[in-house]
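Notes for the one structure printed next.
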Amino acid sequence: MFRSKLSQFTSLIRQKNSIGSVTISKRGYLQGPGKAYFKTLVTKLKHRISVIFIDKDGEETTIMVPIGMSMLEAAHENDIELEGACEGSLACSTCHAIVMDTHMYNKLEDPTDEENDMLDLAFGLTETSRLGCQVIARPELDGIRLALPAATRNFAVDGHVPKPH
């Protein structure tokens with residue numbers, strides 16, 4: 001079964017990238033001109049963690065996030081509605097996310113004073129709240145679950161229309 005799945009996978013890659021064939025030896029080693037590309041692909045996948053975002057309706061979306069990337073960047077790259085009005089410059093609280101599991105929250109570095117100041121402005125603050133721009137993917141965070149609050153404190157996005165003076 002594994003060989004047939006690998007065969008399907010390599011033929012798909014070969015069609016898209018013209019990497020050449022990849023086969024498996026009797027001992028289970030990769031062989032062929034596409035071996036280097038396949039090893040690079042596997043290495044890239046090893047350097048990613050699984051992150052589960054839970055939207056305001058409770059729907060879960062699992063994505064793979066490269067080590068070193070912020071949760072805000074990962075959400076934007078995967079069309080997850082985590083706002084980030086200040087684009088990760090730690091000047092707002094719109095990328096507020098709630099870490100669902102306490103044991104995962106405890107694996108995070110402590111928030112800085114600047115992050116805590118911004119979190120004080122966040123809608124729906126909890127004991128495990130963090131800013132998505134400050135949570136950076138690390139191997140020990142594999143499987144982290146982040147809930148997105150029902151609203152933010154960004155008036156422009158939340159439908160606020162200012163009255164003229």
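Atom set for the values below is all heavy atoms of this structure, side chains included, hydrogens, waters and symmetry mates excluded.
The hydrophobic clustering, which links ILVMFWY residues whose side-chain heavy atoms are closer than 4.5 Å, places Leu108 and Val65 together. No single ILVMFWY cluster, assembled from side-chain heavy atoms under 4.5 Å apart, contains both Val135 and Met100. Both Ile63 and Leu82 are assigned to one and the same hydrophobic cluster, defined by single-linkage of ILVMFWY side chains at heavy-atom distances under 4.5 Å. Ile49 and Ile136 end up in different hydrophobic clusters when Ile, Leu, Val, Met, Phe, Trp and Tyr side chains are linked at under 4.5 Å.
Nearest heavy-atom pair, Cys86 versus Ala91, reported as atom, atom and distance to 0.1 Å: SG-N, 3.3 Å. Closest heavy-atom contact between Ser70 and Cys133: CB-O, 3.7 Å. Of all non-hydrogen atoms in Cys92 and Ala85, the two that sit nearest each other are SG-N, 3.9 Å.
Atom CG of Leu141 is separated from atom CD1 of Ile67 by 8.0 Å, given to the nearest 0.5 angstrom. To the nearest 0.5 angstrom, Ile144 atom CD1 is 10.0 Å from Ile52 atom CD1. Considering CE of Met104 and OG1 of Thr128, their distance stands at 13.0 Å, rounded to 0.5 Å. Note that the CZ atom of Phe53 and the CG atom of Leu148 stand 6.5 Å from one another [nearest 0.5 Å]. In this structure, the separation between CG on Leu121 and NE2 on His96 is 11.5 Å, given to the nearest 0.5 Å.
Under a 3.5 Å cut-off, the side chain of Thr94 and the backbone N or O of Glu83 do not form any donor-acceptor pair. When atom types are taken as modelled, the side chain of Ser129 and the backbone of Ile98 share no donor-acceptor pair closer than 3.5 angstrom. Without hydrogens or angle criteria, His76 side chain to Met71 main chain gives no donor-acceptor distance under 3.5 Å.
Residue pairs meeting the side chain to side chain donor-acceptor pair (under 3.5 Å) criterion with at least one partner in residues 50-66, sequence neighbours excluded, are Glu60-Arg145.
Thr102 is linked by a side chain to side chain contact (heavy atoms under 4.5 Å, CB included) to Asn106, counting only residues two or more places apart in sequence or in another chain. Scored by the side chain to side chain contact (heavy atoms under 4.5 Å, CB included) test, Glu115 finds Leu90, Pro111, Thr112, Leu119, Arg130, Leu131, Gln134 as partners (sequence neighbours excluded).
Residue Glu87 qualifies as open at atom CD: its count of foreign heavy atoms under 6.0 Å is 12 or below.
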